[in-house]
Colleague: 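Please read through the structure below; I'll follow up with questions.
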Amino acid sequence: MDVVSHSNRQGKVDSQSGKKGMVVSLDVEEYVQAAAVFGFPRIPGDDGPGDLVQPFDDGKTWNVRWQRTGMLGNYYCGKFQLFHLRQGANDTDKTAVDLVMREV
């Protein structure tokens, strides 16, 4: 199974699903794991909904403007096999089904 289709089943933003203006939320658990290794900063407002602003690397990286603060952040959406954003403004915590799907 390829990573892109696996990602979409989890509701993640990737190079094919991301569209300018789409409402997204940060996958906090996945982002924090990468932040610990690579030193990515948390952006004020990333705990709520954000809007996709501009793609880079053929949509594998996106700028997000967080609605609560208006601040911009840059997030991986397939680059280096990392998927930091979820489609929609729903709860950013993983569900039990999502955790099971990551093991498939």
Colleague: If you look at every heavy atom in Val23 and Ala89, which pair is closest and at what distance?
Modeller: CG1-CB, 3.7 Å
Colleague: Can Arg42 and Val32 be said to form a side chain to side chain contact (heavy atoms under 4.5 Å, CB included), step by step?
Modeller: CA-CA 9 Å; Arg42 293 290 302 270; Val32 167; 4.1 Å; yes
Colleague: Would Tyr76 and Phe38 count as a close aromatic pair, with their ring centres under 6.0 Å?
Modeller: no
Colleague: Nearest 0.5 angstrom please: Ser15 OG to Asp58 CG, how far?
Modeller: 8.0 Å
Colleague: Return the CG to NZ distance between Asp57 and Lys79, rounded to the nearest 0.5 Å.
Modeller: 3.5 Å
Colleague: Between the side chains of Arg68 and Asp47, is the shortest nitrogen-to-carboxylate-oxygen separation below 4.0 Å, so that they form an ion pair?
Modeller: yes
Colleague: So, taking the atom named CH2 in Trp66 and the one named CE in Met71, what distance separates them when rounded to the nearest 0.5 Å?
Modeller: 12.0 Å
Colleague: So, are Asp27 and Arg86 salt-bridged, with charged N and O less than 4.0 Å apart?
Modeller: yes
Colleague: With hydrophobic residues grouped by side-chain heavy-atom distances under 4.5 Å, do Ile43 and Val53 end up in a single group?
Modeller: no
Colleague: Looking at every heavy atom in both Gly70 and Arg65, which two are closest together, and how far apart are they?
Modeller: O-NH1, 3.0 Å
Colleague: Show the numbers, then the answer: is there a side chain to side chain contact (heavy atoms under 4.5 Å, CB included) between Trp62 and Val24?
Modeller: CA-CA 11 Å; Trp62 275 89; Val24 298; over 6 Å; no
Colleague: Would Asn63 and Phe56 count as a side chain to side chain contact (heavy atoms under 4.5 Å, CB included) if you check the C-alpha gap in whole Å, the side-chain angles of each, and the deciding distance to 0.1 Å?
Modeller: CA-CA 8 Å; Asn63 274 350; Phe56 299 95; 3.5 Å; yes
Colleague: If you look at every heavy atom in Gly21 and Asp51, which pair is closest and at what distance?
Modeller: O-OD1, 4.0 Å
Colleague: Any side-chain to backbone donor/acceptor pair from Glu30 onto Phe83? Under 3.5 Å, distance only.
Modeller: yes
Colleague: Which atoms form the tightest heavy-atom contact between Leu85 and Cys77, and what is the distance?
Modeller: CD1-SG, 3.7 Å
Colleague: To the closest 0.5 Å, what do you measure between CD (Gln81) and NZ (Lys60)?
Modeller: 7.5 Å
Colleague: Do you know the tightest heavy-atom contact between Tyr75 and Val64?
Modeller: CD1-CG2, 3.7 Å
Colleague: If I take atom CG from residue Leu52 and atom NZ from residue Lys20, how far apart are they, to the nearest 0.5 angstrom?
Modeller: 11.0 Å
